[in-house]
Amino acid sequence: EAGVTQSPTHLIKTRGQQATLRCSPISGHTSVYWYQQALGLGLQFLLWYDEGEERNRGNFPPRFSGRQFPNYSSELNVNALELEDSALYLCASSLRGPYGYTFGSGTRLTVV
Amino acid sequence: RKEVEQDPGPFNVPEGATVAFNCTYSNSASQSFFWYRQDCRKEPKLLMSVYSSGNEDGRFTAQLNRASQYISLLIRDSKLSDSATYLCVVNGVTGGGNKLTFGTGTQLKVEL
């Protein structure tokens with residue numbers, strides 16, 4: 001069974017540009033979660049999607065947005081990139097209910 | 001008060017030692033609890049779920065005390081390969097959904 005897949009693995013952007021990160025959940029998982037992890041820091045919750053709808057949002061500015069498609073894959077968009085957006089962006093998926101998440105290997109975004 | 005609190009460490013222990021990590025959580029309505037392991041610059045991976053009766057998986061034992069809102073992880077006979085950051089994870093019941101809150105992690109370094 002394929003795990004959670006994220007693309008691209010690495011992304012280098014210039015300040016002010018936009019970045020699009022993609023995530024495909026495990027087959028059968030309807031919930032997708034996005035986290036940001038800056039170097040040396042903990043996971044910061046960004047967004048949660050379930051059945052195509054945004055369920056919860058972390059304490060991030062509106063330039064962080066996303067969506068979930070009918071096939072449950074998801075996209076994270078970051079507009080007007082700032083240097084401090086450089087981080088590992090992790091996507092996770094789960095079944096509905098009190099289950100653990102399975103993470104993808106992440107997209108490492110570098111803003112220069 | 002943070003939703004999930006852990007001692008950041010690092011815990012430096014010799015190979016073969018027993019080490020214990022503790023974690024407290026603030027949401028008394030939480031239903032599920034987990035320990036994740038994260039290697040440097042990698043995605044977190046589920047180590048084990050934590051059940052009220054306590055559970056064991058090889059050298060790892062997890063305990064939950066709902067009254068004190070406290071979770072522990074015990075690692076016996078530490079191996080060099082156990083060196084990682086251990087994340088305490090608690091779910092928050094949000095509209096019937098499953099949003100996990102991750103602690104900032106406890107770093108373990110197992111030395112020769």
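In what follows, every chain begins at residue 1, and chains take the letters A, B, ... in the order their sequences are listed. When reading the values below, keep in mind they use all heavy atoms of this one structure, side chains included, and skip hydrogens, waters and symmetry mates.
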Contacting region of [X] [heavy-atom separation from chain B under 4.5 Å]:
X: Ser105(A); result: both
X: Gln37(A); result: side chain
X: Phe103(A); result: both
X: Leu39(A); result: side chain

Quiz item: Under a 4.0 Å N-O cut-off, is there an ion pair linking Asp39(B) with Arg37(B)?
Solution: yes
Quiz prompt | Centroid-centroid distance, Phe60(A) to Tyr89(A), less than 6.0 Å | solution = no
Exercise. Taking atom types as modelled, find out whether Thr106(B) and Asp7(B) have a side-chain donor-acceptor pair closer than 3.5 angstrom.
Key: no
Exercise. Please answer whether the main-chain N or O of Glu51(A) pairs with a side-chain N or O of Gln68(A) as donor and acceptor at a distance below 3.5 Å.
Key: yes
Exercise. Mark yes or no for whether Ser86(A), through its side chain, and Val111(A), through its backbone, hold a donor-acceptor pair below 3.5 Å.
Key: yes
Quiz prompt | Residue-level interface, residues 43-54 of chain B with chain A, non-hydrogen cut-off under 4.5 Å | solution = Glu43(B), Pro44(B)
Quiz item: Side chains of Tyr101(A) and Tyr35(A): does their closest heavy-atom pair fall under 4.5 Å?
Solution: yes
Quiz item: Can you tell if the side chain of Trp34(A) reaches within under 4.5 Å of the side chain of Phe45(A), non-hydrogen atoms only?
Solution: no
Quiz item: At their closest point, which heavy atom of Asn91(B) faces which heavy atom of Ser30(B), and how far apart are they?
Solution: O-OG, 2.8 Å
Self-check item: Sequence-distant partners of Asp82(B), salt bridge (Lys or Arg N to Asp or Glu O under 4.0 Å), two or more places apart
Solution: Arg59(B)
Quiz item: Which region of Gln38(B), side chain (C-beta onward) or backbone (N, CA, C, O), has a non-hydrogen atom less than 4.5 Å from a non-hydrogen atom of chain A, or is it both or neither?
Solution: side chain
Self-check item: Structural part of Phe33(B) lying under 4.5 Å from a heavy atom of chain A
Solution: neither
Self-check item: Closest-packed option against chain B by number of heavy-atom pairs under 4.5 Å, given Gly104(A), Ala92(A), Gly40(A), Gly42(A)
Solution: Gly104(A)
